[in-house]
A.B. asks: 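My structure is below; once you've seen it, I'll send some questions.
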2 protein chains.
Amino acid sequence: MEFFTLLSVEEARDRWLAAVERRMAAERVAASEAAGRITASPVLSPEELPPFARSSVDGYAVRSADTFGASEGLPAYLTVTAEIPMGQAPTLPLNPGEAQKIATGGALPEGADAVIMVEHTEQSAPDEIAALRPVSPGENVMHRGEDCRAGAELIPAGRLIRAQEAALLSHAGILQVDVVRRPRVAIISTGDELVPADQAPGPGQIRESNGQALSALVLRDGGEPAFLGLAPDDEERILALLRQGMAYDLILISGGSSVGARDLTARLIGRLGEPGVLVHGVKLKPGKPTILAVAGGVPVAGLPGHPVSAQVVYSLFVAPLLRQMQGLPPEPEFRPTVLARLTKNVASTAGRTDVVRVRLFRRDGEVWAEPVHGKSGLISTLVKADGLIVIPSAREGLLAGDTVEVEVLA
Amino acid sequence: MEFFTLLSVEEARDRWLAAVERRMAAERVAASEAAGRITASPVLSPEELPPFARSSVDGYAVRSADTFGASEGLPAYLTVTAEIPMGQAPTLPLNPGEAQKIATGGALPEGADAVIMVEHTEQSAPDEIAALRPVSPGENVMHRGEDCRAGAELIPAGRLIRAQEAALLSHAGILQVDVVRRPRVAIISTGDELVPADQAPGPGQIRESNGQALSALVLRDGGEPAFLGLAPDDEERILALLRQGMAYDLILISGGSSVGARDLTARLIGRLGEPGVLVHGVKLKPGKPTILAVAGGVPVAGLPGHPVSAQVVYSLFVAPLLRQMQGLPPEPEFRPTVLARLTKNVASTAGRTDVVRVRLFRRDGEVWAEPVHGKSGLISTLVKADGLIVIPSAREGLLAGDTVEVEVLA
């Protein structure tokens with residue numbers, strides 16, 4: 001596996017994402033449980049929202065024409081004929097020269113086309129107000145259908161249901177909604193040196209940790225992780241776990257830190273189904289020995305065993321795939337970042353994407369990013385890190401003082 | 001309630017947060033369920049991590065001194081005495097002039113202090129390699145205890161358990177961890193015009209929607225929402241729900257769009273317990289009629305009924321309180337944002353904090369933020385918005401072309 005045969009991060013990602021056809025089917029859930037899910041199809045409004053013209057202020061419903069030209073010096077005098085009770089329909093229509101008292105959220109009476117705020121009126125007689133300024137047609141009114149027309153799209157497909165989408169579903173009386181099913185992700189760890197977290201490692205052994213880390217990432221990204229277990233670098237045992245993984249929507253297999261073990265993993269993935277291994281090795285540090293495959297319709301990612309490398313490869317390849325499978329664009333269109341200045345030079349080889357862990361801190365009113373050094377087998381370096389910076393392959397490193405975009409690790 | 005008696009956003013928030021003493025107690029959970037939770041106390045490592053010196057590359061374990069001065073022209077020749085099997089202790093010590101073959105993750109034999117990468121060696125005889133360059137002491141070795149020393153702090157208190165913290169717990173064999181209990185948040189909606197989402201509104205009525213929205217926000221921010229129900233603007237019915245809320249860690253009561261209803265809410269909150277209402281009205285748009293209180297140890301927030309206002313007030317006051325109650329700093333130290341240029345001037349009154357909804361888009365390689373206009377009673381304006389910009393009270397608006405930090409609505 002020579003350097004010149006490796007793919008760039010972009011080539012590798014594009015090749016894999018283009019080959020994965022799997023998209024999550026829809027499932028119907030209660031709207032009250034839908035926050036954090038993604039709409040599977042456009043949600044249409046069954047009715048006009050709001051269902052009637054409502055006041056957006058405390059004041060008086062009026063015919064705007066009656067207030068034209070009104071001023072403090074020359075108010076428009078209006079007869080108050082009613083007070084509209086909240087939650088009820090107005091009983092009287094509004095005739096020229098009249099006003100009806102209305103609270104925020106109240107229904108406008110027939111004939112009214114605007115609301116004048118109480119602050120812009122004076123009580124001039126027991127049943128009369130003076131309008132001290134004009135209101136224009138529609139002023140301080142939420143029109144019938146202004147939030148959404150009956151039959152129009154309330155929420156588009158492929159949209160994360162945030163608080164405001166949840167509110168709109170409630171407002172429209174939609175009690176069930178079609179969301180994309182959570183992708184079920186099989187997670188496998190391999191390595192002769194690994195024991196489960198609940199076992200005491202013998203000499204030369206360490207406890208498995210990528211299973212927990214990958215489960216947390218999958219959960220964060222909308223998937224349902226299932227840890228299938230760990231296997232030594234043994235053909236039959238790894239193959240048995242991989243075959244079990246074929247019942248899932250995506251397989252993540254990590255481990256095989258040594259070249260021999262990595263080649264074994266790639267060979268076994270290749271035996272799962274067509275088209276097989278699409279990418280074996282990426283111009284990326286850390287994360288060079290990445291394997292990306294599709295086998296019989298199931299995407300498979302072979303991640304490095306080193307925890308830091310595994311997490312970097314997850315971010316660059318697996319997270320975009322999970323988004324795509326859930327009907328989102330692979331990368332968020334606008335990714336929030338923290339701008340920070342580098343404390344020191346960071347070397348990088350041109351032609352290779354480098355991902356650098358950084359710790360953030362403030363000094364003299366500026367945010368600084370300090371590269372966290374340490375081998376990619378050391379998990380504590382990721383715990384100390386607040387975020388990652390990606391040095392694209394075209395760059396030959398960054399200089400101390402450069403402003404960089406830091407992707408915060410959440 | 002005159003403008004000059006209102007508090008600034010900062011004064012209001014500081015006063016409320018300082019008065020809330022409640023902090024969540026610890027609860028012990030399985031480490032496998034701990035992702036997304038916050039540590040209640042420092043987690044110490046029960047042992048040295050890693051438990052033995054490990055190779056971080058494929059190569060040969062050596063005594064570094066044996067390689068000093070080695071070059072391609074004048075290699076250092078070393079006798080290969082063993083291949084260290086993964087997951088087992090080395091059986092032979094390493095004597096001067098010797099090398100032992102080792103894979104990534106393998107345990108270093110006694111006597112070795114470095115690993116030379118296989119790429120920097122040549123097989124010079126069946127049991128001999130030529131080292132083509134020197135390695136320094138410790139090179140390519142993860143030392144015993146380098147990830148964490150026995151008894152040292154593995155994860156500090158008040159830390160979100162991300163993927164990497166989960167991995168470290170697993171690595172250290174920690175199966176249970178003390179995290180802060182999720183704050184239980186009572187949510188109440190009030191308003192004569194409201195009906196539950198599953199009822200057809202009659203004339204002048206609309207369906208309740210803040211309950212759903214606030215539940216989604218609380219869930220996102222680590223709390224456990226409980227919607228207690230909705231009440232008309234009736235003293236006894238509101239008070240009954242508020243009293244029920246006293247069993248929770250925080251009460252959010254929204255509604256009371258009209259001045260009269262808002263004053264009723266404030267009066268009833270005041271009757272719950274000491275010290276009572278601390279803030280009634282904030283120099284904020286939207287969100288002026290905010291009520292912040294503490295009653296008998298329970299924090300209470302009275303949010304405006306308008307959905308957009310309610311969400312803005314939640315972000316500025318409730319989200320920081322929930323963080324504080326969970327042992328985090330009220331504001332994230334480094335908040336990721338999207339930098340964008342404003343498409344148009346945005347007016348703002350000096351002395352008042354303005355929160356503006358914006359839609360993001362790209363044009364000519366730049367990110368632009370387009371203010372989303374619309375009344376704060378219209379939920380759809382929040383659905384169309386990608387984020388919010390906050391115009392601090394000292395500013396008198398922003399100009400088209402200005403670069404602003406957009407907080408993405410998640």
Side-chain angles (χ1 to χ4, degrees), chain A residues 32 35 50-51 56 58 86-89 103-105 107 142 146-148 155 162-168 170-171 173 175 192-193 197-198 201 203-210 212-213 216-217 219 257-259 307 311 334 336-338 360 367 375 377-380 382-383 386 408-410, chain B residues 32 35 50-51 56 58 86-89 103-105 107 142 146-148 155 162-168 170-171 173 175 192-193 197-198 201 203-209 212-213 216-217 219 257-259 305 307 311 334 336-338 360 367 375 377-380 382-383 386 408-410:
Chain A
S32 58
S56 62
D58 287 352
M86 285 296 281
Q88 295 178 34
T104 309
M142 294 179 277
E146 191 176 350
D147 236 352
C148 197
I155 305 173
R162 305 169 294 176
Q164 49 269 51
E165 282 79 15
L168 208 43
S170 211
H171 191 35
L175 302 176
D192 283 333
E193 74 280 25
D198 59 359
Q205 297 182 323
I206 59 158
R207 294 190 196 85
E208 193 280 323
S209 66
N210 275 340
Q212 281 297 337
L217 293 168
L219 208 56
S257 309
S258 70
V259 167
Q311 194 160 343
F334 305 100
T337 56
V338 171
L360 295 172
V367 179
K375 302 161 186 98
L378 296 176
I379 309 173
S380 59
L382 262 186
V383 168
D386 295 300
V408 170
L409 287 165
Chain B
S32 58
S56 62
D58 288 350
M86 285 297 280
Q88 295 179 33
T104 309
M142 294 180 276
E146 192 176 350
D147 236 352
C148 197
I155 305 172
R162 305 168 294 175
Q164 50 267 51
E165 283 79 16
L168 208 43
S170 211
H171 190 36
L175 302 176
D192 284 333
E193 74 279 27
D198 59 359
Q205 297 182 323
I206 58 156
R207 294 190 196 84
E208 193 280 324
S209 66
Q212 281 299 336
L217 292 168
L219 207 57
S257 309
S258 70
V259 168
Q311 193 159 343
F334 305 100
T337 55
V338 170
L360 295 172
V367 179
K375 303 161 185 97
L378 295 177
I379 310 172
S380 59
L382 263 185
V383 169
D386 296 299
V408 170
L409 288 165

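Residue numbers start from 1 in every chain, and the chains themselves are labelled A, B, ... in the order their sequence lines are given, proteins ahead of strands. Because the structure is predicted, anything quoted here is derived from the model rather than measured.
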A.B. asks: Checking heavy atoms, do the side chain of B:Ala107, its backbone, both or neither come under 4.5 Å from chain A?
C.D. replies: side chain

A.B. asks: Rounded to the nearest 0.5 Å, how far does CD of A:Gln205 lie from CD of B:Gln88?
C.D. replies: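 Those atoms lie 8.5 Å apart.
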
A.B. asks: Name the region of A:Glu146, side chain, backbone, both or neither, that has any atom closer than 4.5 Å to a heavy atom of chain B.
C.D. replies: both

A.B. asks: So for B:Leu175, is it side chain, backbone, both, or neither that comes closer than 4.5 Å to the heavy atoms of chain A?
C.D. replies: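 Contact with chain A involves the side chain of B:Leu175 alone.
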
A.B. asks: Let's test your reading of the structure: which of B:Gln311, B:Gln164, B:Met142, B:Gln212 forms the most heavy-atom pairs below 4.5 Å with chain A?
C.D. replies: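 The answer is B:Gln164.
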
A.B. asks: Measuring heavy-atom distances to chain B, does A:Val383 have an atom under 4.5 Å in its side chain, in its backbone, in both, or in neither?
C.D. replies: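 Contact with chain B is through both the backbone and side chain of A:Val383.
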
A.B. asks: Against chain B, label A:Ala166 side chain, backbone, both or neither, depending on which of its atoms sit under 4.5 Å from a heavy atom there.
C.D. replies: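 For A:Ala166, the contact with chain B is made by backbone and side chain together.
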
A.B. asks: Supply the atom-to-atom distance A:Lys375 NZ to B:Thr104 OG1, rounded to the nearest 0.5 angstrom.
C.D. replies: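 Answer rounded to 0.5 Å: 13.5 Å.
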
A.B. asks: Pick whichever of A:Leu382, A:Asp386, A:Asp198, A:Leu217 has the most heavy-atom pairs under 4.5 Å with chain B.
C.D. replies: A:Leu382

A.B. asks: Which one, A:Ser56, A:Pro201, A:Ser380, A:Gly377, leads in non-hydrogen pairs under 4.5 Å with chain B?
C.D. replies: A:Ser380

A.B. asks: Identify which part of B:Pro51 has an atom lying under 4.5 Å from any heavy atom of chain A, answering side chain, backbone, both or neither.
C.D. replies: side chain

A.B. asks: With distance as the sole test, does A:Asp192 use its side chain to make a donor-acceptor pair with the main-chain N or O of B:Gly87 at under 3.5 Å?
C.D. replies: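 Side chain of A:Asp192 to backbone of B:Gly87: no pair is present.
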
A.B. asks: Can you tell me which of A:Ile155, A:Leu409, A:Leu219 forms the most heavy-atom pairs within a distance under 4.5 Å of chain B?
C.D. replies: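 Greatest number of close heavy-atom pairs with chain B: A:Leu409.
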
A.B. asks: Mind checking the OG-CD spacing from B:Ser170 to A:Glu208? Nearest 0.5 Å is all I need.
C.D. replies: 5.5 Å

A.B. asks: Let me confirm one number: the NE2-CG distance from A:His171 to B:Leu378, rounded to the nearest 0.5 Å.
C.D. replies: 8.0 Å

A.B. asks: Do you know which of A:Ala410, A:Pro203, A:Ala216 has the most heavy-atom pairs under 4.5 Å to chain B?
C.D. replies: A:Pro203

